[in-house]
Amino acid sequence: MYDGVYSDKVIDHFTNPRNVGEIENPSGVGTVGNAKCGDIMRIFLDIDENEIIRDCKFKTFGCGAAIASSSMATEMVKGKSVREAMEITNKAVMEALDGLPQVKIHCSLLAEEAIHAALWDYATKHGITIEGLKPPKNDIND
Ligand code: FES
């Protein structure tokens, strides 16, 4: 049913998403809402003392494209430093997924924004600055 609309990689990450769940006592957590569709994404980060992302998990009330992009994005940030993680943009995630339909591009932004919100939470708690990181716009953390 998705033939021709979604790439094999999108279908793979949607039907078998990686890193779904929560991290207890996360180093950083970010929750954002998508302004276009109202869907929600929460990202948990476990970051070690060398500022390397040891683990990353997500929970979402989002569509299939949001699930696939978060699955891919969480895979891509694991093992990266907090600064390298800034390079995991929605564009990079979409490329890794072999593309998304035009109308679904905003869904991939949800993962990027939630990762940034979680990094912001971590940076704020630890008093560090991550170049290029801005306060989350669509943050809906309590
Ligand atoms: Fe809301 Fe895709 S339609 S995240």
Side-chain angles (χ1 to χ4, degrees), residues 1-48 51-142:
M1 132 186 193
Y2 297 111
D3 278 2
V5 178
Y6 290 112
S7 71
D8 290 346
K9 280 192 191 160
V10 172
I11 293 169
D12 174 29
H13 278 266
F14 168 59
T15 50
N16 179 27
R18 283 61 147 182
N19 310 312
V20 175
E22 292 184 29
I23 294 174
E24 261 184 60
N25 302 317
S27 315
V29 59
T31 310
V32 297
N34 188 306
K36 275 201 173 175
C37 63
D39 289 339
I40 292 169
M41 171 77 60
R42 179 168 291 168
I43 292 269
F44 302 84
L45 294 174
D46 177 26
I47 299 168
D48 73 13
E51 299 186 349
I52 303 293
I53 299 170
R54 251 191 310 229
D55 200 8
C56 178
K57 295 214 184 290
F58 77 95
K59 277 187 141 180
T60 188
F61 291 104
C63 69
I67 292 169
S69 16
S70 312
S71 168
M72 179 60 91
T74 49
E75 283 289 272
M76 288 168 80
V77 299
K78 277 203 273 181
K80 300 269 190 322
S81 73
V82 293
R83 286 168 182 87
E84 288 166 343
M86 291 298 293
E87 287 157 28
I88 313 300
T89 59
N90 78 309
K91 197 163 167 279
V93 171
M94 280 199 302
E95 272 168 23
L97 286 170
D98 294 335
L100 279 174
Q102 190 73 23
V103 293
K104 288 288 173 183
I105 291 176
H106 74 275
C107 315
S108 64
L109 260 181
L110 208 52
E112 179 190 309
E113 288 179 354
I115 289 171
H116 286 185
L119 285 171
W120 182 264
D121 182 41
Y122 168 78
T124 310
K125 281 180 185 153
H126 290 79
I128 63 163
T129 305
I130 300 174
E131 207 187 315
L133 184 64
K134 301 201 179 72
K137 267 191 298 209
N138 301 314
D139 193 352
I140 51 173
N141 268 343
D142 293 336

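Both counts, for ligands and for their atoms, begin at 1 and track the order of listing.
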### Message
Would you say that Phe58 contacts Met41 through its side chain, given a criterion of any heavy-atom pair below 4.5 Å between the two side chains?
### Response
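Yes, close enough: below the 4.5 Å cut-off.
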### Close side-chain approach of Glu131 and Arg83, heavy atoms under 4.5 Å
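Result no, sub-4.5 Å side-chain heavy-atom pair not found.
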#### Entry: Proximity flag Lys104 to ligand 1, non-hydrogen atoms under 4.0 Å
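Under 4.0 Å: yes for Lys104.
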### Message
With a sphere of 6.0 Å drawn around CG of Asp48, does it hold more than 12 non-hydrogen atoms of other residues, nucleotides or ligands?
### Response
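Result for CG/Asp48: enclosed.
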### Message
If I take every N, O or S atom of Cys63, is at least one of them less than 2.8 Å from atom 2 (Fe) of ligand 1?
### Response
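Yes, since at least one N, O or S atom of Cys63 sits under 2.8 Å from atom 2 (Fe) of ligand 1.
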### Query
What distance do Ile115 atom CD1 and Ile43 atom CD1 have between them, rounded to the nearest 0.5 Å?
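Between Ile115 CD1 and Ile43 CD1, I get 4.5 Å after rounding to 0.5 Å.
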### Query
Taking atom NZ of Lys57 and atom OG of Ser71, what is their separation to the nearest 0.5 Å?
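It is 11.0 Å, given to the nearest 0.5 Å.
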### Atom name of the N, O or S atom in Asp39 that lies nearest to atom 1 (Fe) of ligand 1
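It is OD2 of Asp39.
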### Query
Looking at atom 1 (Fe) of ligand 1, is one of the N, O or S atoms of Cys37 less than 2.8 Å from it?
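An N, O or S atom of Cys37 is closer than 2.8 Å to atom 1 (Fe) of ligand 1, so yes.
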### Task
Would you mind listing which atoms of ligand 1 come within a distance below 4.0 Å of any non-hydrogen atom of Ala66?
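Near Ala66, meaning under 4.0 Å from one of its heavy atoms, ligand 1 has 4 (S).
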